[in-house]
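Notes for the one structure printed next.
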Amino acid sequence: MARSDVRVKLGSVWRVFWLVRTVVDFALAQETYAPHSIRTEGHLTLGGLFPVHARGADGTPCGDLKKENGIQRLEAMMYALDQINQDEQLLPNITLGARVLDTCSRDTYALEQSLTFVQALITKDTSDVRCTNGEPPVFVKPEKVVGVIGASASSVSIMVANILRLFQIPQISYASTAPELSDDRRYDFFSRVVPPDSFQAQAMVDIIRALGWTYVSTIASEGSYGEKGVEAFTQLSKEAGTERGGICIAQSLKIPHNPKVEDYDKVIQQLLETQHSRAVIIFASEEDIRGVLGATKRANQVGHFLWIGSDSWGAKSSPIQQLEDVAEGAVTVLPKRSSIKGFDEYFTALTLENNRRNVWFAEFWEENFDCRLLSASKKEDTSRKCTGQERIGIDSKYEQEGKVQFVIDAVYAMAHALHNMQRDLCPDHPGVCPQMESAEGKTLLKYIRNTSFNGSAGTSVVFNKNGDAPGRYDLFQFQMTNSSTAEYKVVGQWVESLQLRLEDLQWPDGEQEVPISVCSLPCKTGERKKKVKGMPCCWHCELCDGYQYQYDETSCRLCAYNMRPNSNRTACQPIPIVKLEWHSPWAIIPVFLAMLGIIATIFVMATFIRYNDTPIVRASGRELSYVLLTGIFLCYIITFLMIAKPDVAVCAFRRIFLGLGMCISYAALLTKTNRIYRIFEQGKQTVTAPRFISPTSQIAITSSLICVQLLGVLVWFAVDPPNTIVDYDEQKTINPMLARGVLKCDITDLQIICSLGYSILLMVTCTIYAIKTRDVPEDFNEAKPIGFTMYTTCIVWLAFIPIFFGTAQSAEKLYIQTTTLTISMNLSASVALGMLYMPKVYIIIFHPELNVQKRKRSFKAVVTAATMSSRLSQKPNERPNGEAKTELCENPAADPMSQATKKTYVSYNNLRI
């Protein structure tokens, strides 16, 4: 920052040195008055700077005459001076004179011309100058310019202000709006009756926001007006973006001094690189505006760009002449103004005869009426001669230029300041007193800043501390009327805030809606904006995927674990809760099997009760049979508990009966197989009966085994009381619309396996005993059916385990695991029921002749059978006579080697073991 300040100070020092040297060199060679200027006599002289001519081409300082910005504004100053000089109340006894110069719309040329204003303030050393007769020469002292009206272009005003401040000459501009001129430290003698571009830029920002445009480009003429205007607009756009959403600058282009056609074409080509940026803010001179519009037409882009023009465009016809189709829809800003009726009367009454004081009026006459004067004429493109009888507004088109009001107000502001200063410094002296003549420019500047009066349009003219006027703007749009003629139409105003009538706007190509000029289209519902770095109004739209919803414009958030986004992803909604329904195919099959099994179990149990004292029922072990059938019944019943709607009671019963049915079944079967195994094993060694083979003992053993399962369930209840949960992870699919919460008991897969684990242990143990008793005689009791039952059951449960755990990650986990578990239990129960009891029931019902009492066998016979079964384990070739069948002698005491012994086959069906 310090380094920047040093550069500014050094630059200012060199600039002052250069200016002083230039002034001295120029003043020594300058004539008494500039030949190309207007000079009128008066007690006090005001300087005037006007762009009578455009910039010259090919090195020439001046170009074509500017009828509106030049001649009309110049005549506005002359008109105001005439009005003031005729006013007896304002500056009585004082006449204001003028020294008006042409700036030729070029800052360097204007600087040379403005040196005329400071000649009177430079003291010349004439001591060495002598006439031919030896007498000292008599110099005509130039008139003192007390203040300057102008200039028009900001770049010209800045250049001139730098030299005028050195000589303390106040300056009031009627058209310079560059924000840079508000710096009271650098341009302390500069004031203006038009608002600075900072107000204009704010008005343009408000217009763009009102139209919904967020992506715009800017074009500026090289120089203070264009560059500073765009700079102010850019700064205000950034501030607006910070506060309320933003305006992004797609491109900021600059038109160089002395541009060529190619330069304008290049600007348009660059603008077309950002197709979405249709709105173009243009701070440029009239010539550059016309050049840009012409390049647009050459590029065949008529109607593509949406122009927002600064006050240099305003409501002028010259920049858009013969380019009306390109300018259609342009919205322009112009400081509030009114047409001054008195000036219209004054200007239209001017002729070559009554306006000889204007040295450029003859040139204007030729240009305005497209004719040539008899005297030296610059009009070479026509042969028609001027008669001098032409009239402005009758024989030519006339429209009051937009800055006429401000020229008049600037002259009146200077007059009011001089009036107030004369009143204070010369209270008793009519006219200009010595004190007023010797007063410094700072004194007049103080009166200028404090002046306040109603201007020519009836609005107040005041200055703030920086010498700026308040911001008041009219908003125009260039529209095609019904008669296919184009005109500027007032569509609103800006006085500290925007008032824009959107319904009055018309757009190119007959568009009814306001055209868009945005970097990115609005995101759809449920999409977030991913901002482009460095461009706050440019973004990519990204869908809030998965279980995310749109939290705000720029972010997505994850829904709670029990929620999912709604269809448009603007909020979250509860995930639907499901359970296994009775009508589901997953439930129908196990329920059907369970019902068949229950019916079959009840039928078997009823049959056994009905034929309780028959040999087959008694031989099968009635007590354990009823226990086993109860377990089978519970295995079927658990199906209904697994499908029922979970609640605390259902969950409690699930824990109890999930393993209890199997535990009861396999505890009874294990007791049976263990009893058979012990009988035959002990029979190999002794004829003494094993202990605990009575029915009471068998029931006690079975009950003990069952109590272990019940004890485990009680511990489970104590550690983790039953409860229901909703599992949202089980069916949390990729598509949230398919997500479901599963209402189920608070039982994990591991807990289910642990609950069944004891029963599986009994089943495995029972299977081992079944294998060990596989060599029991074929018809001996239930060893073989029990063995087949256990083998089949093991196969069922071996298939169950991979299915159960293999589907743990499936979305259909609830249905697959429940169905698999219930079907496995149904099959286990059905296998036991079918293999152990259906043959007996068949005999009992369909072959009652077989269900009769045969002779009882003693334990000795059982021991003999055990011994024979041991023999049967030998190889056939080792057995006597190759016999493989079980044989028992009718007479156990006879010699087994006797060939005469009668042999009979012994049935064990009636043996109660």
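From a predicted model like this one, the values you see are computed outputs, not experimental measurements.
- Note on ring orientation: taking the six-membered ring where Trp is involved, the planes of Trp313 and Trp307 are tilted (angle from 30° to 60°).
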Show, in sequence, the C-alpha distance, side-chain angles and deciding distance for Asp188 and Lys442, and conclude whether the salt bridge (Lys or Arg N to Asp or Glu O under 4.0 Å) test is met. CA-CA 9 Å; Asp188 46 346; Lys442 285 185 179 179; over 6 Å; no
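- For Asp102 and Tyr109, the side-chain atoms include no donor-acceptor pair closer than 3.5 Å.
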Residues Lys316, Asp311; criterion salt bridge (Lys or Arg N to Asp or Glu O under 4.0 Å); working and verdict: CA-CA 9 Å; Lys316 298 172 188 173; Asp311 61 339; over 6 Å; no
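- The backbone N or O of His304 lies less than 3.5 Å from a partner atom in the side chain of Arg278, making a donor-acceptor pair.
- Residues Thr218 and Ile282 have side chains not in contact (no heavy-atom distance under 4.5 Å, counting atoms from C-beta outward).
- Here CD1 of Ile308 is found 12.5 Å from OG of Ser217. Values are rounded to the nearest 0.5 Å.
- Between Glu231 and Lys228 there is a salt bridge, since at least one side-chain N of the basic residue sits less than 4.0 Å from a carboxylate O of the acidic one.
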Passes salt bridge (Lys or Arg N to Asp or Glu O under 4.0 Å), Arg186 versus Glu180? Steps please. CA-CA 9 Å; Arg186 296 179 58 192; Glu180 182 181 357; 3.5 Å; yes
Checking side chain to side chain donor-acceptor pair (under 3.5 Å) for the pair Asp344/Tyr398: CA distance, chi angles, key distance, verdict? CA-CA 9 Å; Asp344 288 340; Tyr398 166 73; 2.6 Å; yes
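- Residues Trp494 and Asp206 bring a donor and an acceptor atom of their side chains to less than 3.5 Å of each other.
- With hydrogens and angles left out, the side-chain atoms of Arg192 and Ser182 include a donor and acceptor closer than 3.5 Å.
- Minimum heavy-atom separation, Ala295 to Ile268: CB-CG1, 3.5 Å.
- Side chain of Asp468 to main chain of Asn464: no donor-acceptor pair is present (N/O by atom type, distance under 3.5 Å, no hydrogens or angles).
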Trace of the side chain to side chain donor-acceptor pair (under 3.5 Å) decision for His419 with Gln89: CA-CA 9 Å; His419 177 83; Gln89 301 298 322; over 6 Å; no
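- In this structure a side-chain-to-backbone donor-acceptor pair under 3.5 Å is missing from Thr45 to Arg99.
- Between the side chain of Gln405 and the main chain of Ser456, no donor-acceptor pair closer than 3.5 Å is present.
- For Arg501 against Val490, the heavy-atom pair with the smallest separation is NH2-O, 2.8 Å.
- Listed for the Ser152 side chain is no donor-acceptor partner under 3.5 Å among the backbone atoms of Ala175.
- Panel note: side chain Glu222, backbone Pro259; no donor-acceptor pair is recorded below 3.5 Å.
- A salt bridge links Arg357 with Asp82; the closest basic N to acidic carboxylate O contact falls under 4.0 Å.
- Judged by distance alone, with hydrogens and angles left aside, the side-chain atoms of Ser277 form no donor-acceptor pair with the main-chain N or O of Thr274 at under 3.5 Å.
- With Arg209 contributing its side chain and Thr214 its backbone, the two residues share no donor-acceptor pair below 3.5 Å.
- Nearest heavy atom pair, residue Val518 against residue Gly212, reads CG1-O, 3.9 Å.
- The pair Glu401-Arg73 meets the salt-bridge criterion, with a side-chain N (NZ, NE, NH1 or NH2) lying under 4.0 Å from an Asp/Glu carboxylate O.
- A donor-acceptor pair under 3.5 Å is absent between the side-chain atoms of Ser517 and the main chain of Val216, judged by distance alone.
- Checking Ser155 against Asp107 by side-chain atom types alone, no donor-acceptor pair falls below 3.5 Å.
- In this structure, a donor-acceptor pair under 3.5 Å is absent between the side chains of Gln479 and Asp504.
- Under the 30°/60° scheme for interplanar angles, the aromatic rings of Tyr346 and Phe343 are found to be tilted.
- Salt bridge status for Glu287 with Lys66: present, with a side-chain N to carboxylate O gap under 4.0 Å.
- Sulfur-sulfur distance for Cys248 and Cys519: not below 2.5 Å, with no disulfide indicated.
- No donor-acceptor pair closer than 3.5 Å links the side chain of Gln171 to the backbone N or O of Phe190.
- Taking the six-membered ring for Trp and thresholds of 30 and 60 degrees, Tyr412 and Phe453 have ring planes inclined between 30 and 60 degrees apart.
- No hydrogens or angles considered: a donor-acceptor pair under 3.5 Å links the side chains of Arg449 and Ser191.
- Under 3.5 Å, the side chains of Tyr488 and Ser317 contain no donor-acceptor pair of N or O atoms.
- The shortest non-hydrogen separation linking Pro179 to Ala232 is CG-CB, 3.8 Å.
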